[in-house]
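Here the structure is laid out as structure tokens; the discussion comes afterwards.
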2 protein chains.
Amino acid sequence: MTHPSDSRAYFFKIDTTIKKIRNVLQKRFNDSGFDLTVDQWVLIDHVARNQGISQNMLAELTTKDAPTVTRILDLLVKKGLVERRMSDEDRRKFNIFLMPEGTKTFEMVLPVVKEIRRQGWGELNEEDYAHFVRIMDSIYQNFSE
Amino acid sequence: MTHPSDSRAYFFKIDTTIKKIRNVLQKRFNDSGFDLTVDQWVLIDHVARNQGISQNMLAELTTKDAPTVTRILDLLVKKGLVERRMSDEDRRKFNIFLMPEGTKTFEMVLPVVKEIRRQGWGELNEEDYAHFVRIMDSIYQNFSE
DNA sequence: GAGCAATTATTAGCAGGCTAATACTTTAAC
DNA sequence: GTTAAAGTATTAGCCTGCTAATAATTGCTC
């Protein structure tokens, strides 16, 4: 390998790592008795921090596409965790709110998620984090032109 | 953020980056007239480099699960790119081979993929690559205990 | 060698990522 | 004000990731 980019390694490593993280999160959710997928959690997390957010905005913040947000919200509504309310100013939009059960879920799951984040990061330090962000952002940017 | 792991950032960044890479690859495939998904390419790549490989082994090398490998191979067989041959020693196994069309596809797509890898890695250097590998492996390891 | 456990691959079912097409609403242009 | 363009959300259809259950074969143990 004369240049790192000649290898499949970086695509593969990113792919494998994100799968691992997802697996661990999901298993921990299941073991904790949370009836929730990782992506459902991601939406709940954002709604909790941005009550009344639009689906559009949710899609942008999570880098999910609109149809996916629609479907995940459908499931969350069905579970009684989240509510769609017609927007007053713009009738094309919904404002998304947590229901009481959703708030409960958020508060129950959050500490578990934080613990997993800590576990994953382990002994890596601030400098590592800076490298990590720089490299990831760089790859992203290199593909955004 | 007192500690990087307190933020959603690293999970999110990895997730977003891999999505970006996949999108760029797929779009470039489409624009080049390749009738191929990214994951179908990944399997072709591995079969090309390991003719006769078993599905099991393919799953391991690609970190895909067995049902996914089965389905992707079904599509590749349907497209005439790949062939399943009964293994002589173990009749539970298939040996996977590229068909002539598959080899053609491999040789046609590979340079495009290499070019995209190069583009993504951009001006990052060997040292960055070392950091990248170390951090990713570390996260993976922290979740494998 | 009979019976049981492990291995290999498949099927079915749910969830999420993507594109394309559609319905509805708002905004802009004339 | 009417019409055209843009924005918001949904639906449908394909592909992939995951789990659980199944079928077929092999290997192990007695």
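FYI, side chains are in, hydrogens and waters are out, and symmetry mates aren't considered; it's all heavy atoms of this structure. Chain letters run A, B, ... following the sequence lines, proteins first and then strands; every chain starts at 1. Bear in mind that the values here come from a model prediction, so they are computed numbers and not experimental data.
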Do A/Thr105 and A/Trp41 have side chains that approach each other closer than 4.5 Å (heavy atoms only, starting at C-beta)?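 They are not in contact (no side-chain heavy atoms under 4.5 Å apart), so the answer is no.
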- [ ] Report yes if the side chains of B/Val112 and B/Phe34 come closer than 4.5 Å at any heavy-atom pair, otherwise no.
- [x]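 With C-beta onward as the side chain, the pair touches.
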Would you say [X] places a side-chain N or O within less than 4.0 Å of OP1 or OP2 belonging to [N]?
X       : N      : result
B/Arg84 : C/dT10 : yes
A/Lys64 : C/dG16 : no
A/Gln26 : D/dG17 : no
B/Asn23 : C/dC18 : yes

Whole angstrom is fine here: how far is it from [atom1] in [X] over to [atom2] in [N]?
X       : N      : atom1 : atom2 : result
B/Leu36 : C/dC18 : CG    : P     : 18 Å
B/Lys20 : C/dC18 : NZ    : C1'   : 14 Å
B/Arg85 : C/dA9  : CZ    : P     : 16 Å
A/Met57 : D/dT8  : CE    : C1'   : 14 Å
A/Phe94 : D/dG7  : CZ    : C1'   : 14 Å
B/Asp65 : C/dT10 : CG    : C1'   : 12 Å
A/Arg22 : C/dG17 : CZ    : C1'   : 10 Å
B/Glu89 : C/dT8  : CD    : P     : 13 Å

Q.
On the six-membered ring of B/Phe11, is A/Arg117 placed so that its NZ or CZ lies under 6.0 angstrom from the centre and within 45° of the ring axis?
A.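 Geometry flag: not set, cation outside 6.0 Å or 45°.
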Examine the base of C/dT25 for any acceptor or donor lying under 3.5 Å from a partner atom in the side chain of A/Arg91, and report the outcome as yes or no.
no
Donor-acceptor pair (no angle test) under 3.5 Å: B/Arg92 side chain, C/dT8 base =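 By the distance-only test, no, there is no pair.
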Item to check | Backbone of B/Lys114 reached by a side-chain donor or acceptor of B/Gln119 within 3.5 Å | outcome: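 No, because the side chain of B/Gln119 does not come within donor-acceptor range (under 3.5 Å) of the backbone of B/Lys114.
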Of A/Lys19 and B/Asp88, the one whose closest nucleotide on DNA chain D sits nearer the 5' end is A/Lys19
Next on the checklist: On DNA chain D, does the nearest nucleotide to A/Asn30 precede the nearest nucleotide to B/Gln40 from the 5' side, or the other way round? Give the residue.
Outcome noted: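 The answer here is B/Gln40.
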Under 4.0 Å, heavy atoms only, any strand: does B/Asp90 hit a base, just the sugar-phosphate, or nothing?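 The residue B/Asp90 makes sugar-phosphate contact but no base contact.
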Check: Under 4.0 angstrom, heavy atoms only, what part of the nucleic acid is B/Asp39 near: base, sugar-phosphate, or nothing?
Finding: sugar-phosphate
Side-chain donor-acceptor pair present, B/Asn56, B/Glu60, cut-off under 3.5 Å: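 No, B/Glu60 and B/Asn56 have no side-chain donor paired with an acceptor closer than 3.5 Å.
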No-hydrogen, no-angle side-chain donor-acceptor test under 3.5 Å, A/Lys93 and A/Gln55:
no
Against the side chain of A/Lys93, the closest entry in C/dT11, D/dT8, D/dT10 is D/dT8
Any idea which of D/dA20, D/dT11, C/dA9 is nearest the B/Pro67 side chain?
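For the B/Pro67 side chain, the nearest candidate turns out to be D/dA20.
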Within residues 68-82 of chain B, the residues having a heavy atom closer than 4.0 Å to DNA chain D are B/Thr68, B/Arg71, B/Ile72, B/Leu75
Note to self: Check this for me: does any side-chain nitrogen of one of B/Asp74 and B/Arg84 sit under 4.0 Å from a carboxylate oxygen of the other?
What the structure shows: yes
Taken to the nearest 0.5 Å, the spacing of B/Phe132 CZ from A/Arg134 CZ works out to 12.5 Å
5'-most contact on DNA chain C (nearest-nucleotide basis), A/Val38 vs A/Ala66, goes to A/Val38
